[in-house]
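Some notes on the structure that comes next.
It should be emphasised that the depicted structure is a prediction, and the values quoted were computed from it without experimental measurement. We count ligands from 1, going down the list as the structure has it; atoms in each ligand are counted the same way. What you see below is based on every heavy atom in this structure, not just the backbone, and it leaves out hydrogens, waters and symmetry mates.
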Amino acid sequence: MNLNEIVQSDEKYFMPVYGPRFPLAIDHGKGAYLYDIDGKEYLDFVAGIATNLLGYADPGLTRAMSEQLGKVVHCSNLYYFEPQARLEKSLCELAGDDYKVFFCNSGGEANETAIKLVRKHFHDQNKYGILSLRNSFHGRTLATLSATGQEHFHTGFTPLPPEFDYFSTIEELKSKINPNLGGVILEMIQGEGGVNPLEKGFVQNIAAVCREHDILLLVDEVQTGMGRTGTMFAFEQYGIRPDIFTLAKGLGGGMPVGACLAKSHISFKKGEHGSTFGGNPLACAAANYVCSAVDEAMLAHVREMSEYLFAKLQPLSPRGSGLLLGFSLEKLNNRDFVLKALEKGLLLVTAGFNTVRLVPPFVITRAECDKCVDIIFEVFDELSQELF
Ligand SMILES: *Cc1c(COP(=O)(O)O)cnc(C)c1O
C-alpha cells in the first residue's frame with residue numbers, strides 16, 4: 001500500500017478519533033530515527049509520545065522480547081511466572097519496599113486502578129471523591145476522563161460521575177475539602193496539558209493538606225515516570241512520596257504495560273480487581289529490560305541532554321524537566337509548526353493549546369539535539385515570515 005491507499009483505508013474504516021493524522025506512514029525505526037514506507041528518514045523527538053525510551057530496534061530490548069516470544073507470550077494471572085516476579089521486585093525496590101504493585105496495560109487503566117483503590121480504601125467512610133488539577137490529563141476511561149481537568153475532553157460524554165471535581169490553587173483545594181473527598185491526583189509535570197511543571201512548594205502544600213485531612217495523594221507518573229524527567233520518578237524531585245502512583249508510557253519501552261503502585265496498607269483483596277493481559281510475560285520481559293537499561297548512567301545522560309537542549313532553546317523560553325520539554329508559540333499555530341518540522345524530517349508533538357513538546361528517546365546524542373534545534377529555528381523563521 002502507498003501512503004494514499006493507507007489514508008483512504010483509515011478514512012473508510014477507522015473511527016476518526018485521530019483524523020486527519022500527520023501525513024506519514026511509518027515503516028520501521030532505528031535508534032532515534034524513523035523511516036517511512038518510501039525510505040525517508042525522520043529524527044524522532046516524539047518517541048511514540050514519551051514511550052520509546054530506548055528508541056527503535058534497541059538490540060537488548062529486541063533480544064529480551066524475542067526470547068520471551070519464543071517461550072510464552074501470555075498465560076493468565078491464574079499462574080505464577082518469573083518475568084512478572086522480577087518486574088514487581090524491581091519496581092517496588094525503586095519505589096521503596098512499603099509499596100505493592102498491580103499490573104495492567106495502559107496509563108488509563110493504571111489510573112482507573114488508582115481511583116478504584118481510593119474507593120476501596122475508604123469504602124466504609126464514604127470517601128469516594130477525587131480532586132484533580134485543571135488542565136490535567138489522566139486518561140480516556142470514564143473515570144480517568146472525569147478526573148481529566150479539561151472540559152473539551154468531557155464534551156459529548158456528560159453526565160460525568162458526580163464524585164470528580166477540579167482545583168487550581170491551594171486555597172481552592174482547601175475550599176473543596178469535604179467529608180466525602182478521598183483522593184487528590186496530580187501530574188508533577190502536566191504533559192498533555194502543555195508541559196506545565198508544578199511548583200515544588202505547591203506540591204508540598206498539597207501533600208500537607210492531604211495528610212492533615214486523611215486524603216490519599218495520587219501521582220500520575222504515566223508520562224513522567226521511568227526516568228523521563230531525569231530521575232526515575234518525577235516526585236523524587238518534589239520531596240514527596242505519594243500514597244499511590246501510576247506508570248505506563250515508558251515502562252515497556254513501547255510495549256503496552258501499565259502499573260499502579262500503592263503503599264501496602266492501601267490494597268485490594270482477592271477478587272476485587274484484575275486484568276486478563278495485565279503484566280503478561282512478554283510485557284514484563286520488555287519492562288524488565290527497560291528497568292535494567294534505565295540505570296544511573298542513562299539518567300545522567302537524560303539530564304545532560306536536557307541541559308544541552310534547554311541552553312540551545314533558550315530564545316524560545318523552554319520549560320519542563322529532563323527530556324519532557326516544551327515551548328509556547330505566541331502567534332503561530334502548534335499543529336502548523338509540527339507539520340512544517342515533519343516536512344523537514346523532524347518529528348515533534350503538540351501539547352495544550354499552543355505548546356510544542358519534545359519527548360525524545362533517552363538515547364539521543366548531542367548531534368541529534370543540534371539537528372533538532374536547527375530545524376526548530378528554521379521552522380520558526382519560515383512560519384514567522386509567512387505570517388508577516
Ligand atoms: C498518556 C497519559 C495517560 C493515558 O495513558 P493511556 O496509555 O493512553 O491510557 C494518563 N496520564 C498521563 C499523565 C498521560 O500522559
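The side-chain tip of R366 points at the ring of Y308 from less than 6.0 angstrom away and within 45° of straight on.
Distance remark: protein heavy atom present below 4.0 angstrom from atom 11 (N) of ligand 1.
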* To do: Give the intermediate values and the outcome of side-chain contact (heavy atoms from CB on, under 4.5 Å) for residues I49 and E192.
  => CA-CA 10 Å; I49 314 190; E192 303 304 309; 3.9 Å; yes

* Hey, mind stepping through F102 and H273 against ring-ring contact (aromatic ring centres under 6.0 Å, His included) and telling me if it holds? -> CA-CA 9 Å; F102 174 82; H273 198 53; 4.7 Å; yes

* To do: Kindly indicate, with the supporting measurements, whether the criterion ring-ring contact (aromatic ring centres under 6.0 Å, His included) is fulfilled by F245 and F235.
  => CA-CA 9 Å; F245 71 97; F235 65 72; 5.0 Å; yes

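Counting heavy atoms closer than 4.0 Å to ligand 1, residue E187 contributes side-chain atoms (C-beta onward) but none from N, CA, C or O. When heavy-atom distances to ligand 1 are checked against a 4.0 Å cut-off, N111 comes that close only through its side chain, counted from C-beta outward. The residue A248 has no part lying near ligand 1, judged by heavy-atom distances below 4.0 Å. The side chain of K249, and not its backbone, has at least one atom closer than 4.0 Å to an atom of ligand 1 (non-hydrogen atoms only; side chain from C-beta on).
A heavy-atom distance below 4.5 Å is found between the side chains of F81 and C75.
Every N/O-N/O distance between V222 and ligand 1 stays at or above 3.5 Å.
The number of heavy atoms from other shown groups lying within 6.0 Å of CE (M1) is above 12.
Here is the list of ligand 1 atoms found below 4.0 Å of a heavy atom in F137: 2 (C), 3 (C), 4 (C), 11 (N), 12 (C), 13 (C), 14 (C). With ligand atoms numbered from 1 in the order given, ligand 1 contributes 15 (O) to contacts under 4.0 Å with heavy atoms of Q223. Within ligand 1, the atoms closer than 4.0 Å to a non-hydrogen atom of S106 are 7 (O), 9 (O), numbered from 1 in the order shown.
Nearest to atom 13 (C) of ligand 1 by heavy-atom distance, out of N105, D220, I49, is D220.
The protein non-hydrogen atom at the shortest distance from atom 9 (O) of ligand 1 is G108 N, 2.7 Å. Closest protein heavy atom to atom 5 (O) of ligand 1: G107 CA, 3.3 Å.
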Show me, pair by pair, the donor-acceptor contacts under 3.5 angstrom made by side chains of residues 16-34, not counting sequence neighbours?
unit_1: R21; atom_1: NH2; unit_2: D10; atom_2: OD1; d: 2.8
unit_1: K30; atom_1: NZ; unit_2: A57; atom_2: O; d: 3.4

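The shortest heavy-atom contact between V349 and V46 is N-CG2, 3.8 Å.
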